[in-house]
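Report on one structure; see the data block that follows.
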Amino acid sequence: MTRTWQNPLRDPRDKRLPTIAGPCGLVIFGVTGDLSRKKLMPAIYDLANRGLLPPGFSLVGFARRDWADEDFSQVVYDAVKQYARTPFHQSVWDRLAEGCRFVQGSFDDDAAFDNLVTTVADLDRVRGTAGNHAFYLSVPPAAFPLVIKQLARTGLAEPGPHQWRRVVIEKPFGHDLASAKQLNKMVNEIFPEESVFRIDHYLGKETVQNILALRFANQLFEPIWNGNYVDHVQITMAEDIGLGGRAGYYEGIGAARDVIQNHLLQLLALTAMEEPISFNPRAVRAEKYKILAATHAVGPFTETSARGQYTGGWQGGQRVPGLLEEAGFAKDSTTETFAAIELAVDTRRWAGVPFYLRTGKRLGRRVTEIAVVFKRAPHLPFDDTSTEELGQNALVFRVQPDEGVTMRFGSKVPGSKMEVRDVNMDFSYGHSFTESSPEAYERLILDVLLGEPSLFPMNDEVERSWEILDPVLKWWQTHGKPEPYPAGTWGPSSADKILARTGRHWRRP
Ligand code: BG6
C-alpha cells in the first residue's frame with residue numbers, strides 16, 4: 001500500500017520545507033560497491049543532515065564481507081566524510097550510526113536472508129521503523145532475480161497492514177527489449193508496479209526537472225516549441241573520464257546501452273513531451289510514454305548513426321590510455337565508448353525535426369546539454385556581409401557542470417557598420433539562487449521513502465526505450481567495429497557526417 005507520512009508539525013502552506021519521510025528503513029544490497037560508497041551513503045547522510053529522514057531511520061548493509069555492525073558503520077562514516085555534500089555534524093552522524101546494521105551473506109544464502117528478516121523485525125521493534133522498508137539493488141543485473149526471489153521467499157517483499165515494501169533497481173534494466181521484458185515480468189510478479197522504483201539518476205538532477213518548469217511555467221517558449229520554429233534538437237552527454245576500473249560492467253555493454261537507452265531518451269522525452277494535465281505522477285509519465293511511443297531511430301544507419309572507441313591521447317595535460325589498454329577489456333574489444341544516433345518524433349509538433357543524441361567517454365570535456373536549435377529568420381533585411389557571422393538561435397539547457405540555461409541570438413556588433421553576430425544570454429543557478437542543488441541521489445532516495453514515483457521510469461517507458469534502440473544495436477552488431485578516436489577529441493568523424501548530410505553540425509560546447 002502506498003502511503004505518505006505527513007509531518008504533523010509541518011504547515012502545508014510552507015513551500016520551503018520538503019516533506020520528511022515517515023518511519024522507515026533502507027536495505028542496500030551491493031553495499032561494498034562504488035555507487036554505494038560514492039553516492040548512496042553520502043546522500044543518506046545529506047538527507048539526515050537536512051532533517052528529512054525520520055528519527056529512527058535505519059540503514060542495513062548486505063554483502064559477503066565478514067563485517068560486524070561497527071565495521072559497516074565505519075565504512076559509511078568514511079564514505080560520508082569523503083563524499084557528502086553538506087557539512088559534517090557529529091550529532092547527525094551519531095544518530096544515523098545508531099541505525100546502521102550489517103548482514104553478512106551471498107545472494108544464494110538462505111540463512112543470510114533469514115538473518116535479514118530478523119534484523120528488519122528487530123529494527124521495527126527497537127528503532128520504530130514500523131515495517132516500512134525499501135530494498136535497494138545496487139548489484140549486477142545477473143543478481144537481480146536471485147535477490148528478488150529471496151525477498152519473496154522470506155516474505156520481506158510482502159508488507160503487513162499499513163506497511164510498505166519497495167524495491168529500488170539500478171540500471172541496466174536488461175540489455176535489449178526481450179531481456180527488459182523478462183526482467184520487468186519477474187519483478188512485477190513479486191512487487192506491484194507502484195512499489196518498483198527504477199533509478200535513472202538523471203531524472204533526479206535539478207536541471208533536468210527544470211526542463212518542465214521552463215517549458216510549462218512560462219509563456220515565452222511554448223509557442224515556438226514545434227517544427228514551425230525548431231530546426232533540430234541536439235542532446236549531448238560528454239564525459240572526459242575513461243573506463244579504467246569499469247570493465248566488469250562496461251565491456252560488452254557500450255555507450256548506447258549505458259546512457260542513450262536511459263538518460264538521453266529520458267531527456268528527449270522531457271524536451272519533446274506535451275504538457276501534462278497536472279504534475280500527478282501518472283499524468284507526467286503518461287506524456288513521457290506517449291512521446292517515446294512516437295519516437296524511432298532514423299535510417300539508413302550507415303549514415304545516421306556512429307559508434308566510436310577511444311584510443312590513447314592527451315587529456316588535461318596528461319597522457320591517457322586507450323580502451324584496449326585499460327585493464328579488463330579484451331585486446332580486440334568492440335565495445336563502443338562513443339555513440340550517436342538520429343531520431344524522429346512522429347507527432348504533429350515534431351514532424352520533420354531531427355533529434356540528434358550523442359554520448360562518449362574521454363571527450364574534449366565533461367558537459368551535458370540539450371540544445372534546441374531554431375530555424376533561421378525567414379528574411380534577413382541586411383547586406384550578406386552583415387550576417388556572415390550570424391548562426392542559428394538556440395536555447396540550451398545546461399544540465400552540467402555549469403548548470404543553467406543559455407539563449408543564443410544575433411546582436412549588432414558595436415560600431416558604425418551593421419554587423420550581426422551571435423551572443424549568449426545566460427541564466428546560472430549559482431547567480432540566481434543561494435541554495436546549492438541537492439545531489440540527484442538525495443532527491444531520489446527521499447522520493448523512494450516517500451513513495452513518490454514521478455521521477456522513476458515505469459516498465460513501459462523502459463521497454464519502449466529498448467524498442468527504439470534495438471534496431472540500431474542490431475545493425476551495429478553486424479556492421480563492423482567502432483571507429484577509433486583519440487582521447488581528448490569530440491569523437492569519430494562518422495558522428496559529424498550524421499549532421500553534415502543535411503548541412504548541420506554539432507555544437508562544440
Ligand atoms: C551512469 C553511467 O549512469 O552515469 C556512467 O553508467 C556515467 O557511465 C554516469 O559515467 C554519469 O553520471 P553523471 O551524473 O556524472 O553525469
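Note that ligands are numbered from 1 as they come in the structure, with each ligand's atoms numbered from 1 the same way.
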In terms of side-chain geometry, is the basic nitrogen of E461 or K288 positioned less than 4.0 Å from the acidic oxygen of its partner?
yes

Heavy atom to atom 6 (O) of ligand 1, shortest distance: which of I241, D258, I253 holds it?
D258

Spatial distance of atom OH (Y289) from atom CZ (R464) [nearest 0.5 Å]
6.5 Å

So, F88 versus Y77, ring centres under 6.0 angstrom or not?
yes

Any Lys/Arg nitrogen of E369 or R398 sitting under 4.0 Å from an Asp/Glu carboxylate oxygen of the other?
no

Any Lys/Arg nitrogen of D34 or K39 sitting under 4.0 Å from an Asp/Glu carboxylate oxygen of the other?
no

Show which atoms of ligand 1 fall inside a sub-4.0 Å distance from at least one heavy-atom site of Q400.
13 (P), 16 (O)

Counting each atom of ligand 1 from 1 as listed, which ones have a heavy atom of M237 under 4.0 Å away?
11 (C)

Just heavy atoms, cut-off under 4.0 Å: does R366 contact ligand 1 by side chain, backbone, both, or neither?
side chain

Would you call R198 and E193 a salt bridge, using N to O less than 4.0 angstrom?
yes

Heavy atoms only, cut-off 4.0 Å: how does Y202 contact ligand 1, side chain, backbone, both, or neither?
side chain

Using a strict threshold of under 4.0 Å (side-chain N to carboxylate O), is an ion pair present between D46 and R50?
no

For the 3.5 Å polar cut-off, considering only N or O atoms, please tell me whether H201 and ligand 1 meet it.
yes

Taking only heavy atoms of K205, which atoms of ligand 1 are found under 4.0 Å from at least one of them?
13 (P), 14 (O), 16 (O)

With a 4.0 Å cut-off on heavy atoms, is T368 touching ligand 1?
no

Considering only protein heavy atoms, which is closest to atom 5 (C) of ligand 1, and at what distance to one decimal place?
R246 NH1, 3.3 Å

One finds that the ligand 1 atoms under 4.0 Å from a non-hydrogen atom of H263 are 1 (C), 3 (O), 4 (O)

Using the rule given for salt bridge (Lys or Arg N to Asp or Glu O under 4.0 Å), can you reason through E222 versus R215, listing the C-alpha separation, both sets of side-chain angles and the distance that settles it, and then say yes or no?
CA-CA 6 Å; E222 210 48 28; R215 288 191 54 201; 3.1 Å; yes

Give the atoms of ligand 1, by number and element, whose distance to some non-hydrogen atom of K361 is under 4.0 Å.
5 (C), 7 (C), 8 (O), 10 (O)

Atom indices of ligand 1, in the order listed, that fall short of 4.0 Å to a heavy atom of K171:
1 (C), 2 (C), 3 (O), 6 (O)

Near K181 NZ, under 6.0 Å, is it more than 12 heavy atoms from other residues, nucleotides or ligands?
no

Minimum-distance protein heavy atom relative to atom 10 (O) of ligand 1:
E239 OE2, 2.6 Å

